[in-house]
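One structure is given below, encoded as structure tokens.
Throughout, numbering of the chain's residues begins at 1 and tracks the sequence. Ligands are counted one by one from 1 in listed order, and the atoms in each one are counted from 1 as well.
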Amino acid sequence: MVQGATNWNTESTEEWLQQYVDDWIAFYRKHTHEGEVASYIPVLQEANADHLGISIIGKNGTNIRSGDTDVPFTIQSISKVLTFIVACMERGISYVLDRVDVEPTGEAFNSIMHLEMKQVKKPFNPLVNAGAITVASLLEGKSSDQKLEPLFELLEKMLGYRPHLDIDVYESERDTSMRNRAIGYYLLEMGYLESDLNISLEAYFKQCSIEVTIDDLAKIGMILANDGFDPSTDEEIIPRQVARLAKALMLTCGMYDASGKFAAYVGIPAKSGVAGGIIALAPARVRDEELPFIDGCGIGVYGPALDKQGNSIAGIRLLRHIANKWDLSIF
Ligand SMILES: NC(=O)CC[C@H](N)C(=O)O
């Protein structure tokens with residue numbers, strides 16, 4: 001349960017929080033040995049499987065960081081949340097939802113089987129590969145770079161700098177991604193794509209190869225937790241309705257075929273990527289007790305050793321522990 005009746009929101013308790021999080025990182029780092037780094041994108045195999053880091057940013061700017069905090073990694077599937085947001089901002093929510101559904105699949109993120117077996121009228125959701133490639137096809141622009149420019153502008157607004165592409169990861173995925181090409185051809189056959197298949201795939205591979213840090217993920221999470229407003233400037237960066245939809249999708253589909261368990265045991269919107277990143281967020285809570293990050297927070301986790309579903313194995317356990325200790329669940 002929640003630790004004591006401490007006033008968590010004062011400066012001195014930041015030191016306690018830091019101590020707790022340092023201990024939890026040390027404990028959960030052992031669990032990295034139970035997972036494996038992704039190898040189907042060859043360059044991702046170079047990651048250090050022992051790494052585990054977390055960054056938590058509160059609405060007032062409080063930042064608790066612990067573990068391997070400075071290792072950059074590619075955003076991978078976490079980008080699917082952001083391109084969905086950009087597509088909704090460019091085309092409108094109903095245009096996008098007419099073309100991609102909002103239902104969890106219960107299947108692996110790169111499953112192709114369910115598309116055919118279930119005779120879907122549109123891909124299940126924007127957070128699995130079929131939906132994300134479709135969303136990439138909806139982005140405005142004639143080239144992959146034009147399609148992704150608004151994503152980079154959005155990232156620059158949120159992060160205060162323009163992240164760059166990891167070209168090695170991009171080329172590694174582009175040259176080996178037979179399954180994503182198979183999914184793409186199926187989408188093309190079904191008439192789901194709004195622009196050229198190769199350009200859509202190129203945009204998808206590039207969006208997955210954007211390099212970020214856990215601080216970046218925590219910052220984006222904080223803005224989503226705050227319904228699209230940046231609390232440091234009170235500027236609306238993402239329309240509230242779009243931010244809400246993105247969070248609903250993260251909660252129901254963000255952890256692939258482990259999304260139900262994550263919602264049940266952790267209870268906060270999150271999205272993982274195969275490089276080992278997880279973005280998570282807790283909205284403001286209404287309670288009488290004092291709790292850490294009562295006004296909400298964004299969380300970035302990095303731990304490249306993955307479980308069978310492709311989620312950071314130690315990262316999930318760490319998040320579950322923190323969510324339970326600090327009562328972050330939205331339920
Ligand atoms: N789960 C993921 O992060 C998947 C993203 C990866 N680029 C892929 O399409 O296979």
(Q) Once you restrict to heavy atoms under 4.0 Å, what part of Y256 touches ligand 1? Side chain, backbone, both or neither. (A) side chain
Q.
If the cut-off is 4.0 Å to any non-hydrogen atom of N180, which atoms of ligand 1 fall inside it?
A. 8 (C), 9 (O), 10 (O)
Q: Run the contact test for N110 against ligand 1 with a 4.0 Å cut-off on heavy atoms, strictly below, and give the result.
A: no
Q | Residue part near ligand 1, for C208, under 4.0 Å between non-hydrogen atoms | A | side chain
Q) Applying a strict 4.0 Å limit to heavy atoms, is Y40 in contact with ligand 1? A) yes
**Q.** Partner of I133 under side-chain contact (heavy atoms from CB on, under 4.5 Å), chosen from V128, T83, L201
**A.** L201
Q. For atom 4 (C) of ligand 1, what is the nearest protein heavy atom, given as residue, atom name and distance?
A. S77 OG, 3.0 Å
Q. Taking the six-membered ring for Trp, are H321 and W24 parallel (under 30°), tilted (30 to 60°) or perpendicular (over 60°)?
A. perpendicular
(Q) Ring of Y185, cation from R181 - is the NZ or CZ under 6.0 Å from the centre and inside 45° of the axis? (A) no
Q | Closest protein heavy atom (residue, atom, distance) for atom 9 (O) of ligand 1 | A | Y204 OH, 2.6 Å
Q: Not counting sequence neighbours, which residues clear ring pair (Phe, Tyr, Trp, His ring centres under 6.0 Å) with Y40? List them please.
A: none
Q. Atoms of ligand 1 less than 4.0 Å from F109 heavy atoms?
A. 1 (N), 4 (C), 10 (O)
Q: Using a strict 4.0 Å threshold on nitrogen-to-oxygen distance, state whether R65 and D70 make a salt bridge.
A: yes
Q | Those atoms of ligand 1 less than 4.0 Å from some heavy atom in N129 | A | 8 (C), 9 (O), 10 (O)
Q. Against heavy atoms of G273, which atoms of ligand 1 measure under 4.0 Å?
A. 3 (O)
(Q) Strictly below 4.0 Å, N to O, side chains only: are D227 and K247 in salt-bridge contact? (A) yes
Q. Considering the options L148, D216, I220, which one meets the side-chain contact (heavy atoms from CB on, under 4.5 Å) requirement together with L155?
A. I220
Q | Which residue and heavy atom of the protein sit nearest atom 6 (C) of ligand 1, plus the separation | A | Q76 OE1, 3.2 Å
Q) Using a heavy-atom cut-off of under 4.0 Å, does the side chain or the backbone of I78 touch ligand 1, or both, or neither? A) neither
Name the atoms and distances for all side-chain donor-acceptor pairs under 3.5 Å in residues 260-282, with sequence neighbours left out.
unit_1	atom_1	unit_2	atom_2	d
K271	NZ	G254	O	3.0
K271	NZ	Y256	OH	3.2
S272	OG	N311	OD1	2.5

(Q) Rounded to the nearest 0.5 Å, what separates atom CD1 in I210 from atom CG in L165? (A) 6.0 Å
Q: Give the contacting part of R179 toward ligand 1: side chain, backbone, both or neither, where contact means a heavy-atom distance below 4.0 Å.
A: neither
